[in-house]
Amino acid sequence: MGKITELLNKMKVLCNMNGGEDTFSEPVLKERISEWERENNATLCDELKEFYLFSNGMDLRIYFSTFSICKLEELSFKEGGVLGYDSSENFMEIGSFVGDGSVLCIDRNYNFCCAYEGMEIEESSLEELLEDELTSLEERVEEL
């Protein structure tokens, strides 16, 4: 089990034990990820591959916090792609942390690369963001 999977499982358990709600879709098969990469002439970073092998998108809500990541099918910088962020052509929104205003993004090479907070761009990995969110959720649970 990879680190992303471990963190997502911990978040899911914490959410379910404390009256939260989670929606994790069925995992994407490795073959489907390879097919998506061929169709889009792109390679997903290992963190996103691990995420999609765990769940094809997610929505987790607990204590006024929402964390979401879109489905694999919604990722596309091609014309007519479903998602986008502001007027930036270099990054695409793939999810968010509602509560702190962060927007999860990927770059044009389909690497998970940053979170927007207001107008600032913070370089980060998906693993770092999941670790931070899990720590924050654990602290809120202890306070209540």
Side-chain angles (χ1 to χ4, degrees), residues 1-138 140-141:
M1 173 172 29
K3 186 67 173 176
I4 302 295
T5 301
E6 178 185 330
L7 291 165
L8 289 169
N9 275 321
K10 286 180 180 179
M11 289 175 77
K12 186 175 183 173
V13 168
L14 184 68
C15 181
N16 291 330
M17 289 177 55
N18 292 282
E21 296 178 21
D22 69 73
T23 304
F24 287 91
S25 301
E26 289 295 316
V28 176
L29 298 174
K30 284 183 183 182
E31 295 79 16
R32 176 61 190 119
I33 291 173
S34 296
E35 181 182 312
W36 182 93
E37 289 177 326
R38 281 191 306 278
E39 290 171 357
N40 288 278
N41 194 27
T43 302
L44 291 178
C45 66
D46 290 340
E47 287 185 321
L48 284 175
K49 285 181 186 178
E50 184 178 345
F51 171 79
Y52 286 115
L53 290 169
F54 180 84
S55 178
N56 189 13
M58 68 169 278
D59 192 17
L60 185 136
R61 295 182 176 132
I62 181 172
Y63 300 125
F64 308 107
S65 180
T66 301
F67 175 48
S68 63
I69 296 180
C70 71
K71 295 179 182 252
L72 177 66
E73 296 78 23
E74 295 174 313
L75 296 180
S76 179
F77 277 102
K78 292 180 178 180
E79 181 115 5
V82 178
L83 298 176
Y85 186 74
D86 234 352
S87 60
S88 172
E89 295 180 10
N90 295 319
F91 301 99
M92 176 174 49
E93 178 183 345
I94 65 165
S96 62
F97 285 119
V98 174
D100 71 358
S102 295
V103 178
L104 309 181
C105 299
I106 57 175
D107 65 17
R108 285 198 167 271
N109 293 318
Y110 294 91
N111 294 309
F112 186 89
C113 61
C114 61
Y116 287 79
E117 289 195 22
M119 296 309 284
E120 292 182 34
I121 298 173
E122 290 184 21
E123 295 295 324
S124 184
S125 69
L126 181 56
E127 181 179 326
E128 290 170 333
L129 287 170
L130 290 174
E131 285 174 340
D132 289 348
E133 182 66 6
L134 180 60
T135 299
S136 175
L137 291 174
E138 288 170 337
R140 286 185 213 162
V141 167

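Residue indices begin at 1 and follow the sequence shown.
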Flag, side chain of Asn40 to backbone of Trp36, donor-acceptor distance under 3.5 Å
yes
Partner residues of Glu35 under the side-chain hydrogen bond (donor to acceptor under 3.5 Å, both in side chains) criterion, sequence neighbours left out
Arg32
Expected output: side-chain Asn109 to main-chain Asn111 donor-acceptor under 3.5 Å
no
Taking C-beta and beyond as the side chain, do Asn9 and Phe54 meet within less than 4.5 Å on heavy atoms?
yes
Report yes or no: does Ser136 contribute a side-chain atom to a donor-acceptor pair with the main-chain N or O of Asp132 at less than 3.5 Å?
no
Has the side chain of Ser55 got a donor or acceptor atom that lies under 3.5 Å from a matching backbone atom of Ser25?
yes
CD1-OG1 distance between Ile33 and Thr43, expressed to the nearest 0.5 angstrom
11.5 Å
Treating Ser34 as the side-chain partner and Lys30 as the backbone partner, does any N or O pair qualify as donor plus acceptor under 3.5 Å?
yes
Quick one: does Leu75's side chain get under 4.5 Å of Tyr52's, heavy atoms only?
yes
Glu47 (side chain) donor-acceptor with Leu126 (main chain) under 3.5 angstrom
yes
Hits for side-chain hydrogen bond (donor to acceptor under 3.5 Å, both in side chains) against Thr5, two or more places apart or cross-chain, chain-then-number order -> Glu50
Which of Glu73, Lys71, Glu26 passes side-chain hydrogen bond (donor to acceptor under 3.5 Å, both in side chains) with Asn56? It is Glu73
Do the non-hydrogen side-chain atoms of Glu127 and Ile4 ever get within less than 4.5 Å of each other?
yes
Could you please spell out the steps behind the salt bridge (charged side-chain N to carboxylate O under 4.0 Å, His left out) verdict for Glu133 and Lys10?
CA-CA 11 Å; Glu133 182 66 6; Lys10 286 180 180 179; over 6 Å; no
